[in-house]
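Scroll down for the structure; my scribbles are underneath it.
Per chain, numbering begins at 1; letters A, B, ... match sequence-line order.
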Amino acid sequence: MVENLVIVESPAKAKTIEKFLGKGYLVTSSFGHIRDLSKKDFGIDIANNYTPNYEISPDKKKVVTELKKIAKEAQMVWLASDEDREGEAIAWHLSEVLQLDLKKTKRIVFHEITKEAILHAIETPRQIDYNLVNAQQARRVLDRLVGFELSPVLWKKVKPSLSAGRVQSVAVRLLVEREREIMNFVPQSAFRVLSQFNKADTNPVDLKAELNTRFVTANEAESFLNHCKQAAFTVSDISKKPTKRTPAPPFTTSTLQQEASRKFGFSVSQTMTLAQHLYEAGKITYMRTDSVNLSDAAIESAATEITSEFGEKYLKTRRYKTKSKGAQEAHEAIRPTYMNKSTIPGNANEKKLYELIWKRTLASQMSDAELEKTTITIDIENSKHKFLAQGEMIKFDGFLKVYIESTDDEEEDGGKSLLPIINAGQKLGYQSISATQKFTLNPPRYTEASLVRKLEELGIGRPSTYAPTISTIQNRGYVIKEDRAGKERGYLQFTLKDNKITKADKTEVFGTEKSKLFPTDIGMVVNDYLLEHFPNILDFNFTADVEKQFDDIAEGDMVWHKMIDEFYHPFHNRIEGALEIVGRKSGERNIGNDPKTGKPVIVKIGRYGPMAQIGDNEDDEKPQYAALRRDQHIETITLEEALELFKLPRDLGLFETKKVVAAIGRFGPYVRHDNKFYSLKKGIDDPYTVELDRAIELIQEKRVSDENKNIAVFQGTDGDIQILNGRFGPYIVYNKQNYRIPKGKEVKELTLDDCLEIIKNSPEKPPRKKGK
DNA sequence: CAGTGAGCGAGCTTCCGCTTGACTT
C-alpha cells in the first residue's frame, strides 16, 4: 500500500523524480495519453454537441489496469503530467478512467526536474483546469473531423488509402509550391569580376578583390577587361568596422533536428531516436520541447564550467525567451543533465549528438565574439567601378571557442580571407582579372529538417509530431526523399593575363540534390484537389487561427463545442459539395499527338500510379498504356519521352520455343521468358537495346544460381522443409516461414531432426504489419 | 514479387499529440 502515488507522463522522468521525493511516494508513468477517440463513427456524437466517445488505447490497457490497482490503495494521487493543454487533458483522462476521488486527488506541475521545483510543486497543488481540458478536446475533435472527413473524399476522388489533415496537408503544400517555383525558375546570369592583385613594388601580396558590379552581357564584361589592360589601380580607402556575433539559444526539438541534419546529415527521426536514448540514460533533459529556457541550476553549472575551462572573460549569463508561434513551454530546452560532462560513453552517433548539445548549451552562456570587418576599396583609373576586398578578423573569440551554428546556405567562396597590411594610396598591379558568368540559384528544396523549421515558423505541428509527420507524408507517397543528379550547363569566362584576354567556354554541374524532399505526382494531384475544394484547411494561417480560439476556450471565454460547431457546418457543406462532383481527379494532361496514329497522348494518375496512354478511352480501339518511369513526372514529361515508353515491352525473339521479352517493371528492367523474370544488370544492360543472345546468357546465369540455391529438402508434416541459400546466407523455409540457422552449425550436415529443432526453438514472429 | 489499366463489390484505409517498445532480412 502506498501513501502517495505520483503519475507523470514519461517513465524516465518518473525514475528521477522518485529519487527526489523519497519514502512515502511511488512515482509512476502513464506513458502519455491513455485514451483516445473511438475509431467508430468518428468517435464523436456530432448531433449531441460533439460529445467525444473515448476508448482506452489498446496499448495502454495494461498500464491503466496497473494504475487503477495502485490508485485505489493510495491515500493521495498526484497528477503530475506536463503543464500544457495535452498534459492537462492527460490528468483529466486519468482522473476519469481511474475514477479518482477529488478529495484524494491533486494536480501539480513543474517546469524543470530539480528537487526544489518538485517539492515546491507538492506544496502548491491545484485542481484540474477544465477550461484547458476543453481546449484540448476542441483540438482533438477538430483534428478528427478534418482528418476523417477529408481522407475518405480522397479515397473516392483520387486513390484509396490516401490521407489529409490539418498538419500533413500543409506540409505537402509547402513542398509542392516550392517545387513549382523551381520548375518555373528562369536563371539569370551576370559576369562576376574577380581580380588577383600583386603589390606593385617589392613583395607580391595575396589580395583578392571583387568588382562592385556584375555585368549582364559578355560584351560589357569583355570591354571592362579591355579597359583594365592599361588602367592604374589605387587603394583609395581602408575601413575597419567592429562587429559582434551572439551565440544561438539552447536547443529545442526543431533546432536540434536542423543542426544534426546540417552538421551530421541525420534524418529527423534518427536524431529523435538518438536523443531518446540519451534521455533514457539520464544524459540529457527531455527531447520533445519548444522551450529555450534553462533552469537556474543549469545556468549556474554552465557558468562554473565556462569559468574553470576558459576564464571569467568568456562568461555571459543569458536567459532566452521562446518566440515561436503556439509554443507551450512545458519543458526546459534540450541540454545536458550535467554540464561538467563534455562527453559521454555510448556509440559514435550518440556521442556526436551529445557533444553537439553540450557545446550549444555551453555556448549559449558565453560572451559575444568580437570581430573586425575590413573593407579595402580599390579605384580603377577612368572608371566608375571599384574593386572591393573584404576580410574579417576575430579580436575575441568568445562563444566561437566551442560552437558555430551552421546555415543551410551553400558556401560562398572568397570574401572572408585574411587581408594583407596595406596603405591608402598604394598602387596595385594585377596578376589576373577574370570575368565569370554566374547564374542565379533557384529557391532551395526542403530537407526534412528545413521543412520542420518552416512548419514550426507557421505554428503547425508540435515537437512530438515533427518526425512522425515527415514519415507520414513519405509513407503516403506524397513525398520522396532522394538524391538527384545535377545537370550540365555551359558558361563563359574571360581572363585578362599578361595583357591578353582569353575567352573560354566552360561547363558546370548545377542543381545536384542530396537527401532532399520531392513531391510526387500523387502529392501534387492531391494538393491541387484539396486546394481547389478546401482552401481554408490548406491556408498557412489555419492552425494559427484555430489556436487563437483554443486559447479563448482555455481562458474560459468560449464554449468549445460552439467553436467546433461554427467550424464544422461550412466545412461539412464543402465535403458534400466535393462529393457531388462526378469523376476523379487524375491530374490528366494532354501532351500532344502520336505521330504514327495521330491519336492524342495523355499522361495521368491511373490505378497503379502515373501512366501514359495513346488514344482516348472513348475511341473504338483500346488505348495503349505504359507506366511512367520513377524519374518522370506528369507535369514535366515531354511527348518524346512519353513515346519512348511505348517501345517496351520489346520482343527479342525465341528461346527454347518460347518468347523472350524485355521491359521495365516495378523492380527495374527485366527480361521475361516462360513466365519467369530475369533482372537486367544495372549499368550494363539496357532494355531498349538488349539483344536475344544477352538475354539467354542472363537466363542461363540465373538457372545456375538457382540450382545452387537449394541445399537440401526434407519431408515435414506440413510440406517440404527446405534449406536455401539466400541473400543473407543459408536459411530454412517451412510452411511459408523463414528460420535463421544458429551460428556454429555446419549447414551441409543438418539433418531433418536438426531442422525441426531449429524451427521449434526459433522465437514466434509477430504478424507482419499491414502497409509499409 | 515485376505482366495490368474492364467492372463489380466487400472490406479496408484516415487525423494529431502524448508516450515507449519491439522490431529489424
Side-chain angles (χ1 to χ4, degrees), chain A residues 8-14 29-37 39 42-44 57 59-60 63 81-82 84-91 93 136 139-156 159-169 272-273 276-277 279-280 286-288 328 330 460-469 472 475-476 537 543 586 604-609 611-613 617 622-627 648-649 661 663-672 675-679 726-729 731 738 740 763 765-766 768-771:
Chain A
V8 296
E9 291 179 39
S10 143
K13 202 165 159 182
S29 82
S30 74
F31 293 82
H33 273 296
I34 52 162
R35 60 177 188 175
D36 191 14
L37 297 175
K39 298 230 174 193
F42 285 45
I44 300 165
S57 313
D59 55 332
K60 298 297 165 56
V63 184
S81 41
D82 297 344
D84 57 14
R85 209 160 59 200
E86 299 296 328
E88 202 67 19
I90 289 173
H93 283 303
Q136 193 273 347
R139 199 280 303 156
R140 182 67 194 89
V141 167
L142 179 97
D143 282 336
R144 170 55 67 83
L145 288 171
V146 170
F148 274 36
E149 293 219 352
L150 227 39
S151 302
V153 175
L154 295 179
W155 304 345
K156 289 201 182 74
K159 216 181 111 165
S161 302
L162 295 177
S163 66
R166 174 174 59 82
V167 174
Q168 59 169 284
S169 297
M272 292 313 281
T273 308
Q276 177 91 28
H277 288 156
Y279 168 67
E280 281 167 10
Y286 197 57
M287 64 285 159
R288 292 187 274 265
Q328 306 201 7
I460 298 171
R462 306 277 316 128
S464 65
T465 60
Y466 294 140
T469 301
T472 299
N475 290 340
R476 295 280 172 275
I537 306 291
T543 293
S586 66
K604 65 177 186 183
I605 295 196
R607 263 210 290 166
Y608 307 102
M611 60 177 271
Q613 74 178 55
N617 287 17
K622 201 174 158 230
Q624 270 183 278
Y625 301 101
L648 292 179
V661 172
I664 298 179
R666 195 144 81 86
F667 300 142
Y670 65 90
V671 291
R672 193 180 76 215
N675 277 332
K676 288 197 190 75
F677 294 85
Y678 305 87
S679 292
R727 253 202 303 166
F728 309 102
Y731 64 105
N738 295 352
R740 59 144 49 104
K765 276 196 188 165
R768 273 186 96 119
K769 277 197 188 125
K770 293 176 272 181

Considering every strand and a 4.0 Å limit on heavy-atom distances, what is the contact class for [X]: base, sugar-phosphate, or nothing?
X      : value
A:Y678 : nothing
A:G87  : nothing
A:S151 : base
A:L162 : sugar-phosphate

Q | Partners meeting salt bridge (Lys or Arg N to Asp or Glu O under 4.0 Å) with A:D84 (sequence neighbours left out) | A | none

**Q.** Nearest-nucleotide 5' precedence on DNA chain B, A:K159 against A:I460
**A.** A:K159

Check whether any side-chain nitrogen or oxygen of [X] sits under 4.0 Å from OP1 or OP2 of [N], and answer yes or no.
X      : N      : value
A:Y466 : B:dG17 : no
A:R288 : B:dC18 : no
A:R166 : B:dT14 : no
A:S161 : B:dT14 : no

Q: Compare the ring of A:W155 with the six-membered ring in the base of B:dT13 and state whether they stack (centres under 5.5 Å, planes under 30°).
A: yes

Q. What about A:R462, does its side chain sit under 3.5 Å from the base of B:dC16 through a donor-acceptor pair?
A. no

**Q.** Side chain A:R140 and base B:dC15 donor-acceptor under 3.5 Å
**A.** yes

Q: Please list, chain by chain and in numerical order, all residues satisfying side chain to side chain contact (heavy atoms under 4.5 Å, CB included) with A:A12, sequence neighbours excluded.
A: A:S10, A:Y279

(Q) Only Watson-Crick and G-U wobble pairs, only distances under 3.5 Å, only runs of 3 or more: what stems does that leave for DNA chain B? (A) none

Q: Quick one: list whatever passes side chain to side chain donor-acceptor pair (under 3.5 Å) with A:R35, sequence neighbours left out.
A: A:H93

Q. Who passes side chain to side chain donor-acceptor pair (under 3.5 Å) against A:E149, sequence neighbours left out?
A. A:Y568, A:H572

Could you list all N or O pairs between the protein and nucleotides 4-8 of chain B that sit under 3.5 Å apart?
from, atom 1, to, atom 2, distance (Å)
B:dT4, O2, A:Y608, OH, 2.8
B:dG5, N2, A:R607, N, 2.7
B:dG5, N2, A:Y608, N, 2.1
B:dA6, OP1, A:Y625, OH, 3.1

(Q) So that I can tick it off, tell me whether A:R288 and A:D82 are bridged by a salt bridge, with the cut-off set at under 4.0 angstrom between side-chain N and carboxylate O. (A) no

